[in-house]
Every structure is written in structure tokens, then in C-alpha cells.
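What follows is a set of notes on a single structure, which appears directly below.
Since we're looking at a predicted model, the values are computed, not measured. In the text below, chain A, chain B and the rest are named by the order of the sequence lines, each starting its count at 1.
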Number of protein chains: 2
Amino acid sequence: MEGSAVSDSQDGQIASPRRAPSQQRSRERVERMLAAASALIAEQGSDAMRMGEVAERAGVSIGSLYQFFPDKRAIIWALAERYTAESQACIAAALAEVNDAEGLRQAFSELVDIYYRLFLAEPVMRDIWSGTQADKALRELELADSRANAEFLTAVLKRLRPSADPEALETTAFLIWQMGEAAMRLAISVDRQEGDRLVAAYKRMALRELLGA
Amino acid sequence: MEGSAVSDSQDGQIASPRRAPSQQRSRERVERMLAAASALIAEQGSDAMRMGEVAERAGVSIGSLYQFFPDKRAIIWALAERYTAESQACIAAALAEVNDAEGLRQAFSELVDIYYRLFLAEPVMRDIWSGTQADKALRELELADSRANAEFLTAVLKRLRPSADPEALETTAFLIWQMGEAAMRLAISVDRQEGDRLVAAYKRMALRELLGA
DNA sequence: TGGCAAATGTGAGGATTACTCACATTTGCA
DNA sequence: TGCAAATGTGAGTAATCCTCACATTTGCCA
């Protein structure tokens with residue numbers, strides 16, 4: 001029982017694949033399952049997504065689905081993980097080279113715009129991040145992701161303001177990041193015009209905090 | 001069929017009592033149902049709350065429960081509505097008399113503290129606001145509540161800065177309010193010390209925005 | 001190449017739970 | 001007192017997640 005590759009989701013813990021697909025065939029099938037889940041979430045939201053429907057659309061049996069995903073949340077979690085990994089790389093790249101205030105202003109402004117467009121365009125991401133508050137495992141993932149992203153920001157701030165209290169900078173960066181996600185969620189849930197204004201206001205506030213020591 | 005007091009919850013719409021309790025007896029029973037639900041949510045969270053358990057603990061049958069609440073969400077919604085009504089009155093009172101910058105600073109600071117303590121102390125409120133993102137009806141309620149609260153803040157800002165663009169003030173107030181709720185949710189999901197720092201940082205940022213024109 | 005263990009595939013059925021409904025009881029009122 | 005409306009009941013229905021005993025396929029080695 002030890003040494004098994006199995007890792008079930010329990011309580012609020014992370015739900016990784018029940019069994020890692022080792023053969024080419026199963027890897028392809030798992031991809032089909034994820035694609036089906038993604039499509040269904042885009043159409044109706046993750047809450048309305050039925051496991052039977054995912055299996056049917058992926059052209060596999062319900063048993064196969066559960067061979068690789070211990071439960072429904074695990075599928076959503078797997079999709080969320082992909083998004084976070086992608087966006088984290090993007091964020092790291094955008095902030096890595098920033099060395100002055102003007103650079104930070106530009107990079108941050110661009111990041112906010114990218115995120116906003118992503119939220120507007122990606123129903124799956126939107127849905128998953130919405131459910132983030134209710135699901136413990138997803139919330140952990142989002143918090144971890146947010147901390148990681150905030151760290152890139154902290155690194156920039158430490159470069160720009162070496163004399164400031166590092167802990168305070170960390171708190172500020174983390175808060176700004178989380179508030180950004182809150183602002184985005186808010187922005188996409190009101191009409192487009194108000195959403196744009198809200199994002200612009202957030203950007204202004206965040207930059208004031210980041211730049212105006 | 002017209003003129004009935006029935007108002008079922010549909011899709012993402014508001015779920016009000018299926019039938020308004022008109023007799024003393026039923027009013028007391030509805031109170032017991034709400035109390036039972038509240039206790040169960042405090043113990044295990046609204047997701048784990050079972051309708052059968054609510055009925056049992058309230059000492060009524062499952063049928064009686066559904067006589068007054070069209071579905072599970074309606075009970076949660078009813079509890080949420082009480083909280084929002086209470087806190088809105090409190091906020092309105094705190095902001096009504098504010099007429100200068102120093103008054104705003106004090107009133108806002110106090111409000112943030114009150115809210116933070118409330119979030120820390122009230123597991124039910126915490127749980128309900130967490131689920132707010134996933135449930136359409138709850139989200140509507142929270143948005144409406146947030147807009148109402150933001151309006152009190154907007155009124156103050158208009159008094160303090162009569163020459164500013166009113167629409168911009170509204171956007172700012174709404175955003176600050178929503179970010180506050182995000183900051184609170186974040187603060188209670190990390191350890192207490194970091195939570196305190198996050199709330200303090202939020203307060204500082206919000207006040208800078210509110211006061212420093 | 002044959003054979004075998006491990007990996008993968010299957011879907012009927014178990015278990016849980018929100019919710020319904022046909023019928024019983026209680027209440028307010030003329 | 002009688003009766004209609006309000007209220008109360010809980011076994012039963014439906015929907016859905018997930019399991020499990022068994023079938024099939026694959027990789028691998030003698």
C-alpha cells in the first residue's frame with residue numbers, strides 16, 4: 001500500500017490523478033476527458049457539469065473517467081492547475097526585468113490588461129476562479145498561485161525600495177494581487193462599461209500604492 | 001394562480017419563502033428551522049448541511065421545511081439576508097454624520113475593524129460569504145448589498161469633494177468596498193497575524209484613496 | 001513468438017441526498 | 001359547531017456521484 005502512485009482527494013486536500021496514465025493510449029484519453037470537461041464547463045458551468053456527460057463526450061466509460069480522476073473536483077482542479085501554471089510563467093516573465101518605477105508601471109499595467117482580457121474571454125477560467133471560494137482544494141491552489149505571483153511583485157519592490165520593511169512589501173504585494181483578482185471578478189459580473197471603469201480604478205489604486213512609497 | 005404568495009427560486013433568481021407563515025405557530029417553527037440551519041452551518045459549513053438534519057434538529061418534518069423554503073439555497077439566502085440588513089443599518093449609521101476628512105478616517109477605520117471582527121467571530125457569515133461566488137442568487141444579494149453600502153460611502157465623498165466627478169467617486173467607493181470584502185476573506189483564511197497585517201494594509205490603502213484626492 | 005502480469009476499460013448498481021405529493025391534522029372564524 | 005384554509009407528515013422519486021467485479025489490451029521477457 002505504500003509506494004503506490006495513488007493519491008485520492010480527501011476532505012479539502014488536493015486531488016491529483018488516481019493513477020498516472022503511463023501508456024500513450026491512456027494519456028490521449030485523459031486529454032479527451034479534460035477537453036470534454038472544459039467544453040462542458042464553458043457551456044454550462046462546472047456546477048452543472050455531469051460526470052456522465054464528460055465521459056460520454058470524451059468517448060469513454062464512466063469507469064475510465066474515475067480511473068484517472070478520484071472525483072469530480074479533481075477534473076476541475078487539473079484544469080485550474082494548467083491555467084495557473086501558464087499564467088505564472090507569463091507573470092514571471094513580465095516582472096523579471098523590471099528595474100525602475102516606470103518599468104513597473106508599464107509591466108503592471110500590461111499584466112492587469114492581460115488578466116482582464118483573459119477573464120473576459122475564458123469562460124472556463126472564469127468559472128473555476130468563481131468556484132474558488134467554495135472549494136477548499138481550489139482555494140488552496142489559488143492562494144498558492146497568488147502567493148507565488150505576489151513574490152515576483154515583491155522581488156521588484158525590494159529592488160525599487162531596498163530600505164523598506166521586506167515583510168510590509170510582501171503583505172502589500174499579496175494584498176494587491178488578491179484585490180486584483182477580486183476586482184476582475186467584480187468587473188466581469190457587471191456590464192462591460194462599468195467593468196472597464198472598475199479595472200481602471202483598481203489599476204490606478206494599485207499603482208499609487210506600488211510606486212508612491 | 002396569480003396573486004399567490006409563492007415565489008420559487010429558479011435558475012439564479014431570488015428564493016423567497018414558498019409560503020409566508022401566517023400563524024404564530026408556523027412563524028416559530030420557521031425560526032427554529034433557521035436556527036438549526038445556522039447551527040449546522042457553523043459546525044460543518046453550508047455545503048455539508050443536510051436538509052434532513054436541519055429538519056430533525058428543528059424538530060419538524062422534512063415536508064414542513066419545504067413548505068416554507070423552496071430549496072436548500074433559500075434557507076442560506078434567508079440567513080444571508082438577515083446579516084446584510086443588520087450590517088447595512090450599522091454602516092449607514094456610522095457614515096451618515098461624517099462631514100470632514102478626519103471623521104471619515106475614523107468612521108472608516110472603525111467599520112473595517114467591526115467587519116473584521118465579525119468575519120472572525122461569525123462562522124455562519126463567513127461561510128455564506130464564501131459561497132457567494134458560486135451561487136448566483138447569493139452573489140446578486142452581495143452585489144446589491146455592496147452597492148448599497150458603497151452608496152453611503154459615495155455620499156460622504158461627494159460631501160468632501162464636491163468638485164470631483166460623481167461617477168468616478170461611485171466607482172471608487174464600490175471598488176473599495178468589494179476589495180474590503182476580498183481582503184477580509186483573505187485575512188481569515190491565513191493565520192491571524194498575517195490576517196491582521198493584511199487588514200491593516202487594506203485600511204491604509206483604502207484611506208489613502210478615500211482621503212488623498 | 002507465446003504467454004503473462006500490469007495497465008487499462010466497462011457499465012450496472014450502490015449510496016446519498018435534494019425535493020415531491022397525497023393525505024392527516026390543526027387553526028381561525030362565521 | 002362546522003368548515004375552509006393553513007399547516008404538518010414522511011415514504012417515495014429522481015438525479016447524480018462514485019464503486020467494483022470482471023473483461024480487454026498492452027508491454028515485455030523467455
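Atom CD of B:E43 has more than 12 neighbouring heavy atoms from other residues, nucleotides or ligands inside a 6.0 Å radius. Applying the 6.0 Å contact sphere to CG of B:D47 captures no more than 12 heavy atoms from other residues, nucleotides or ligands.
Atom P of nucleotide C:dC19 and atom CD1 of B:I62 are separated by 9 Å, given to the nearest angstrom. Straight-line distance from the CE atom of A:M51 to the C1' atom of C:dG11: 15 Å, rounded to whole Å. One can place OH of A:Y66 at 13 Å from P of D:dC20, the figure rounded to the nearest angstrom. Look at CD on A:Q23: it is 5 Å from C1' on D:dT26, rounded to the nearest Å. Put simply, NZ on B:K72 is 15 Å from P on C:dT20, counting in whole angstrom units. Across the protein-nucleic acid pair, A:R73 atom CZ and D:dT16 atom C1' stand 16 Å apart, rounded to whole Å. In this structure, A:F69 atom CZ and D:dC18 atom P are separated by 13 Å, rounded to whole Å. Between the CZ atom of B:F68 and the P atom of D:dA6 there is a distance of 11 Å, given to the nearest Å.
Close to C:dT26, at under 4.0 Å from its OP1 or OP2, lies no side-chain N or O of B:R29. Neither OP1 nor OP2 of D:dA6 sits under 4.0 Å from any side-chain N or O of B:R25. Look at A:R50 and you won't find any side-chain N or O under 4.0 angstrom from OP1 or OP2 of D:dA15. Phosphate contact (OP1/OP2 of C:dA7, side-chain N/O of A:S26, threshold under 4.0 Å): absent.
When each of B:G63 and A:L65 is assigned the nucleotide of DNA chain C bearing its nearest heavy atom, the one mapping closer to the 5' terminus is A:L65.
Using a 4.0 Å heavy-atom criterion, one finds that A:S64 contacts the bases of the nucleic acid, with or without backbone contacts as well.
With salt bridges taken as basic N to acidic carboxylate O contacts below 4.0 Å, one links B:E194 and A:R147. By the 4.0 Å N-to-carboxylate-O rule, A:K158 lies close enough to A:E170 to be salt-bridged with it.
Defined by atom type and a distance below 3.5 Å, a donor-acceptor pair is missing between the side-chain atoms of B:E110 and B:Q106.
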